[in-house]
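Here's the structure, in structure tokens; my notes come after.
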Amino acid sequence: VQLQASGGGLVQAGASLRLSCVTSGRTNSGYNTGWFRQAPGKERESVAAITRSSGYTYYKDSVKGRFTISRDNANNTVYLQMNSLKPEDTAVYYCAVDSRPRTYTGGAYLQSWIYNVWGQGTLVTVSS
């Protein structure tokens with residue numbers, strides 16, 4: 001399984017961006033997928049996740065109501081729609097998948113340890 005993240009860029013506060021995470025390799029089923037981000041000088045943090053089977057979604061509190069994670073299984077793509085962007089959203093955004101057909105309790109989907117394949121990251125810069 002390989003991941004390709006794209007869609008980052010430089011935008012002003014209040015703008016929107018849509019990140020894409022395309023999965024290649026074994027693509028005959030969806031994967032538990034998460035988006036994470038790492039700002040300069042900070043630790044990586046979870047942003048959102050979507051489950052493999054039900055498509056249930058989870059969000060970091062600070063992005064709830066602004067970010068939406070969704071999946072298009074036909075195109076092996078998971079999206080992160082980011083609206084009302086703030087300067088504090090500036091970071092490198094990574095997508096990650098759990099390539100194993102596992103189910104976890106709710107909170108685990110926002111934990112990095114469940115993901116075993118990571119993409120290369122795409123930079124999002126939000127100016128004030």
Side-chain angles (χ1 to χ4, degrees):
V1 177
Q2 296 86 40
L3 305 178
Q4 180 68 44
S6 63
L10 171 62
V11 297
Q12 290 188 328
S16 298
L17 280 175
R18 188 177 76 163
L19 305 184
S20 299
C21 177
V22 179
T23 305
S24 60
R26 287 182 55 192
T27 56
N28 58 345
S29 64
Y31 301 104
N32 296 319
T33 305
W35 282 99
F36 294 77
R37 67 187 182 188
Q38 187 165 20
K42 295 187 178 181
E43 294 186 353
R44 184 177 59 194
E45 61 180 5
S46 63
V47 176
I50 186 165
T51 63
R52 174 180 62 87
S53 54
S54 63
Y56 200 77
T57 57
Y58 299 86
Y59 297 95
K60 175 183 175 64
D61 286 346
S62 64
V63 306
K64 286 180 180 177
R66 299 189 298 123
F67 291 11
T68 303
I69 188 171
S70 61
R71 69 186 320 139
D72 178 354
N73 283 343
N75 290 304
N76 302 313
T77 303
V78 171
Y79 300 102
L80 184 67
Q81 178 67 42
M82 305 186 296
N83 298 329
S84 302
L85 282 162
K86 304 176 180 180
E88 51 263 45
D89 295 318
T90 294
V92 177
Y93 283 71
Y94 300 89
C95 62
V97 302
D98 171 18
S99 65
R100 301 151 296 191
R102 297 181 181 179
T103 301
Y104 304 89
T105 56
Y109 290 99
L110 289 176
Q111 301 299 314
S112 60
W113 62 267
I114 76 165
Y115 300 100
N116 62 331
V117 182
W118 291 77
Q120 86 288 1
T122 184
L123 177 62
V124 173
T125 304
V126 184
S127 63
S128 58

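Here the structure is a predicted model, which means the values were calculated and not measured. Counting begins at 1 with the first residue of the sequence.
- Within the 4.5 Å cutoff, the side chain of Leu3 has no heavy atoms near those of the Val22 side chain.
- Arg100 places a side-chain N or O within 3.5 Å of a backbone atom of Ile114 that can act as its donor or acceptor partner.
- Minimum interatomic distance between Ala39 and Ala91 (heavy atoms only, all atoms of both residues): N-CB, 3.7 Å.
- In this structure, Thr51 contributes its side chain and Tyr56 its backbone to a donor-acceptor pair below 3.5 Å.
- Salt bridge annotation for Asp61-Lys64: present, with a cationic side-chain nitrogen under 4.0 angstrom from a carboxylate oxygen.
- The cluster map of Ile, Leu, Val, Met, Phe, Trp and Tyr, joined by side-chain heavy atoms under 4.5 Å apart, puts Val92 and Leu110 in the same cluster.
- Counting only heavy atoms from C-beta outward, the side chains of Thr103 and Arg52 approach each other to under 4.5 Å.
- How far CD of Gln4 is from OG of Ser20: 10.5 Å, rounded to the nearest 0.5 Å.
- No side-chain heavy atom of Leu80 sits under 4.5 Å from any side-chain heavy atom of Arg37.
- The line from OG of Ser46 to OH of Tyr94 is 15.0 Å long, rounded to the nearest 0.5 Å.
- Expressed to the nearest 0.5 Å, how far CD of Glu88 lies from OG of Ser62 amounts to 8.0 Å.
- Cluster membership check: Val63 shares its hydrophobic cluster with Val11, using side-chain heavy-atom separations under 4.5 Å among Ile, Leu, Val, Met, Phe, Trp and Tyr.
- When side chains are defined from C-beta on, Gln81 does not count as touching Ser70, because their heavy atoms never get closer than 4.5 Å.
- Taking all atoms of both residues into account, the shortest heavy-atom contact from Tyr93 to Asp89 is OH-O, 2.6 Å.
- Here the CD1 atom belonging to Ile50 is positioned 9.5 Å from the CG atom belonging to Asn32, to the nearest 0.5 angstrom.
- Side-chain contact between Leu19 and Val124 is present, with at least one heavy-atom pair separated by less than 4.5 Å.
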Open item on the list: Please evaluate residues Asp72 and Thr77 with respect to the criterion side chain to side chain donor-acceptor pair (under 3.5 Å), reporting the C-alpha separation (whole Å), side-chain torsions for both, the decisive distance (0.1 Å), and the verdict.
Closed with: CA-CA 5 Å; Asp72 178 354; Thr77 303; 5.9 Å; no
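- The shortest distance between side-chain heavy atoms of Trp35 and Val78 falls below 4.5 Å.
- Counting only N and O atoms by type, the side chains of Thr23 and Asn76 include no donor and acceptor under 3.5 Å apart.
- A donor-acceptor pair under 3.5 Å links the side-chain atoms of Thr90 to the main chain of Val126, judged by distance alone.
- Of all heavy-atom pairs between Leu85 and Leu17, the closest is CD1-N, 3.9 Å.
- With hydrogens and angles disregarded, a donor-acceptor distance shorter than 3.5 Å links the side chain of Gln120 to the backbone of Ala5.
- When side chains are defined from C-beta on, Met82 does not count as touching Val47, because their heavy atoms never get closer than 4.5 Å.
- Taking OH of Tyr79 as the reference point, atom SG of Cys95 lies at 12.5 Å (rounded to 0.5 Å).
- Partners of Tyr115 according to the ring pair (Phe, Tyr, Trp, His ring centres under 6.0 Å) rule, which considers only residues two or more places apart in sequence or in another chain, are Phe36.
- Between Pro87 and Ala13, the closest heavy-atom pair is CD-CB, 4.1 Å.
- Partners of Tyr104 by ring pair (Phe, Tyr, Trp, His ring centres under 6.0 Å), not counting sequence neighbours, listed by chain and number: Tyr109, Trp113.
- Here OG of Ser53 is found 14.5 Å from CZ of Arg102. Values are rounded to the nearest 0.5 Å.
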